[in-house]
Amino acid sequence: MRISVTIFLTDETITPTRLARELEERGFAGLYLPEHTHIPAERTTPYPAGGDLPPEYGRTLDPFVALGQAAAVTETLGLGTGITLVAQHDPIDLAKQIATLDHLSGGRFTLGLGFGWNVEEAADHGVEWRTRRELVRDRMALMRALWSEEPTAYKGEFGSVRASHAHPKPVRGHLGPRTLIGGAAGPKLFAHICEYADGWMPIGGRGLTETLPVLRAAWAEAGREEAGLQVVPYAVFPSPGKLAHYAELGIEEVVVQLPPAGEAEVLGVLDGYAEYL
């Protein structure tokens with residue numbers, strides 16, 4: 001089983017380059033970074049985990065800039081977002097960012113995407129909350145048109161692009177990089193996964209015994225190749241029993257959580273995670 005990590009990298013934590021080098025040297029599979037452009041101070045949306053919103057949410061580094069630094073100092077380390085808030089991006093700009101990072105890293109990028117939880121943050125980007133899932137679906141289709149080998153136009157419900165010359169291309173071409181969708185299990189989420197993604201990024205990884213068969217059935221019904229479905233539990237606090245359970249379910253990669261801390265604390269946690277490699 002591949003063990004990757006996620007962390008809220010901020011202006012107060014270990015740097016992307018230092019962490020990336022350590023991860024590759026120690027044998028970790030990948031580095032996934034979250035995204036928040038800003039956190040409105042007058043926020044009414046409750047923190048999904050309950051209680052006060054941790055301060056690192058308002059201090060996160062831009063994941064594409066940070067992952068670009070990580071790519072430059074590594075050779076094999078996987079690079080991913082967990083997650084990109086696609087609805088909050090201009091899709092033409094985002095298509096270029098994704099393709100560039102995937103190209104420069106030799107195809108090491110994984111696009112973890114999600115629909116968001118912070119209503120106020122999304123609203124500042126002009127996102128209509130009730131249609132955000134459809135907006136993300138539309139923007140993924142637009143980006144794949146730009147990633148096509150030949151100039152390809154796209155006209156959707158929320159946006160359009162003329163047939164265009166757009167390089168570089170992701171290593172997988174019009175499919176883009178490996179794409180995983182984060183979120184809670186349910187028919188809407190599973191429908192999106194089966195339509196335009198490579199798999200699921202369940203936060204915390206709870207309840208997979210019950211939900212994985214449902215997703216696999218939906219995947220098969222959609223005509224997708226059984227072996228192509230990838231499920232990557234995300235932001236997991238590992239234990240030997242938990243990882244053994246994931247392995248029994250056929251899961252091949254797990255993303256474990258690091259603290260949003262300085263170098264000494266983060267490296268100490270990596271030392272503790274060494275037993276799982």
Student: Identify the heavy atoms of V161 and S164 that sit nearest to each other, and give their distance.
Tutor: CG2-OG, 4.1 Å
Student: If you group Ile, Leu, Val, Met, Phe, Trp and Tyr by side-chain heavy-atom gaps below 4.5 Å, do L31 and I98 land in one group?
Tutor: yes
Student: For D52, look at atom CG and say whether over 12 heavy atoms of other residues, nucleotides or ligands are found less than 6.0 Å away.
Tutor: no
Student: Please check if L77 and V269 belong to a single hydrophobic cluster, counting links between Ile, Leu, Val, Met, Phe, Trp and Tyr side chain heavy atoms closer than 4.5 Å.
Tutor: yes
Student: Does any part of the side chain of Y276, heavy atoms only, come nearer than 4.5 Å to the side chain of L243, both counted from C-beta?
Tutor: yes
Student: With rounding to the nearest 0.5 Å, note down the distance linking NZ in K242 to CG in L208.
Tutor: 10.5 Å
Student: Distance from L23 atom CG to L258 atom CG, nearest 0.5 Å?
Tutor: 7.0 Å
Student: Going hydrophobic residue to hydrophobic residue with side-chain gaps under 4.5 angstrom, can you get from M1 over to V256?
Tutor: yes
Student: Let me know which of T76, D102, T74 forms a side-chain hydrogen bond (donor to acceptor under 3.5 Å, both in side chains) with R108.
Tutor: T74
Student: Do H174 and T152 touch side chain to side chain, with heavy atoms closer than 4.5 Å?
Tutor: no
Student: Please assess L270 against V5 for the test side-chain contact (heavy atoms from CB on, under 4.5 Å), listing each intermediate value before the final yes or no.
Tutor: CA-CA 9 Å; L270 288 181; V5 307; 4.3 Å; yes
Student: May I ask you to decide if E128's main-chain N or O and T131's side chain share a donor-acceptor pair within less than 3.5 Å?
Tutor: yes
Student: Give, for atom CZ of R139 and atom CG of D90, the distance between the pair rounded to the nearest 0.5 Å.
Tutor: 7.0 Å
Student: What is the distance from atom CD of Q257 to atom CD1 of I203, rounded to the nearest 0.5 Å?
Tutor: 9.5 Å
Student: The criterion is side-chain contact (heavy atoms from CB on, under 4.5 Å); which residues satisfy it with T110, sequence neighbours excluded?
Tutor: Y32, R178, L180
Student: Measuring from K155:NZ to D138:CG, what's the distance to the nearest 0.5 Å?
Tutor: 10.0 Å
Student: Within the 4.5 Å heavy-atom criterion, are P46 and W117 side-chain neighbours or not?
Tutor: no
Student: Could you go through L94 and M143, starting from their C-alpha distance and side-chain angles, then the distance that decides it, and tell me whether this counts as side-chain contact (heavy atoms from CB on, under 4.5 Å)?
Tutor: CA-CA 8 Å; L94 183 59; M143 290 194 294; 3.8 Å; yes
Student: Are L67 and P16 side-chain neighbours, meaning at least one heavy-atom pair lies under 4.5 Å?
Tutor: no
Student: Distance-only, no hydrogens or angles: does the R144 side chain make a donor-acceptor pair with backbone N or O of G176 under 3.5 Å?
Tutor: no
Student: Can any side-chain N or O of R43 pair as donor or acceptor with the backbone N or O of T45 at less than 3.5 Å?
Tutor: yes
Student: Quick check: does any side chain N or O of W129 sit under 3.5 Å from a backbone N or O of E120, one acting as donor and the other as acceptor?
Tutor: no
Student: Sort and list the pairs that fulfil ring-ring contact (aromatic ring centres under 6.0 Å, His included) and have at least one residue in residues 43-92, not counting sequence neighbours.
Tutor: F8-Y57, H36-Y57, Y47-Y57, F64-F109
Student: Side chain of Y234, backbone of G182: donor and acceptor closer than 3.5 Å?
Tutor: no
Student: With a 4.5 Å limit on heavy-atom distance, are the side chains of D124 and P40 in contact?
Tutor: yes
Student: So, using ring-ring contact (aromatic ring centres under 6.0 Å, His included) as the criterion, who are the partners of H125 when residues are at least two apart?
Tutor: H38
Student: How long is the gap from CD1 on I83 to CG on L111, to the nearest 0.5 Å?
Tutor: 9.5 Å
Student: Taking a hydrophobic cluster as the set of Ile, Leu, Val, Met, Phe, Trp and Tyr residues connected by side-chain heavy atoms closer than 4.5 Å, whether directly or through intermediates, do V86 and W200 fall within one such cluster?
Tutor: yes
Student: Is there a path of hydrophobic side-chain contacts, each under 4.5 Å between heavy atoms, that joins M201 and V214?
Tutor: no
Student: Please determine whether side-chain contact (heavy atoms from CB on, under 4.5 Å) holds for the pair K96 and L146, giving the CA-CA distance in whole Å, both sets of side-chain angles, and the decisive distance to 0.1 Å.
Tutor: CA-CA 9 Å; K96 175 69 77 172; L146 288 169; over 6 Å; no
Student: Under 3.5 Å, side chain of T13 to main-chain N/O of L9, donor-acceptor pair present?
Tutor: no
Student: Can you give me the closest heavy-atom contact between E275 and P240, atom names plus distance?
Tutor: OE1-CG, 4.2 Å
Student: If you look at every heavy atom in P259 and V266, which pair is closest and at what distance?
Tutor: O-CG2, 3.6 Å
Student: Please tell me if the side chains of Y246 and V236 come closer than 4.5 Å, counting only heavy atoms from C-beta onward.
Tutor: yes
Student: Charged N to carboxylate O under 4.0 angstrom, R26 versus E22?
Tutor: yes
Student: Restricting to ring-ring contact (aromatic ring centres under 6.0 Å, His included), what partner residues turn up for H192, sequence neighbours left out?
Tutor: F115, Y196
Student: Please answer whether the main-chain N or O of I39 pairs with a side-chain N or O of N118 as donor and acceptor at a distance below 3.5 Å.
Tutor: no
Student: What pair of heavy atoms forms the shortest contact from A20 to V73, and how long is it?
Tutor: CB-CG2, 4.1 Å
Student: Just do the side-chain contact (heavy atoms from CB on, under 4.5 Å) check on L229 and R224 with the steps written out, would you?
Tutor: CA-CA 8 Å; L229 177 61; R224 303 290 299 271; over 6 Å; no
Student: Treating T211 as the side-chain partner and T209 as the backbone partner, does any N or O pair qualify as donor plus acceptor under 3.5 Å?
Tutor: no
Student: So does S148 get a backbone contact from the side chain of K169, meaning a donor-acceptor N/O pair under 3.5 Å?
Tutor: yes
Student: Mind listing the closest non-hydrogen atom pair of L215 and C194 along with its distance?
Tutor: CD1-SG, 4.4 Å
Student: Taking the side chain as everything from C-beta on, heavy atoms only, tell me whether E252 gets closer than 4.5 Å to R2.
Tutor: yes
Student: Tell me the closest heavy-atom pair linking L189 and A184, and the distance in Å.
Tutor: CD2-O, 3.2 Å
Student: Suppose clustering is done on Ile, Leu, Val, Met, Phe, Trp and Tyr with side-chain heavy atoms closer than 4.5 Å. Which residues sit in the same group as L175?
Tutor: none
Student: Using side-chain hydrogen bond (donor to acceptor under 3.5 Å, both in side chains) as the criterion, list what pairs up with S4, not counting sequence neighbours.
Tutor: E253
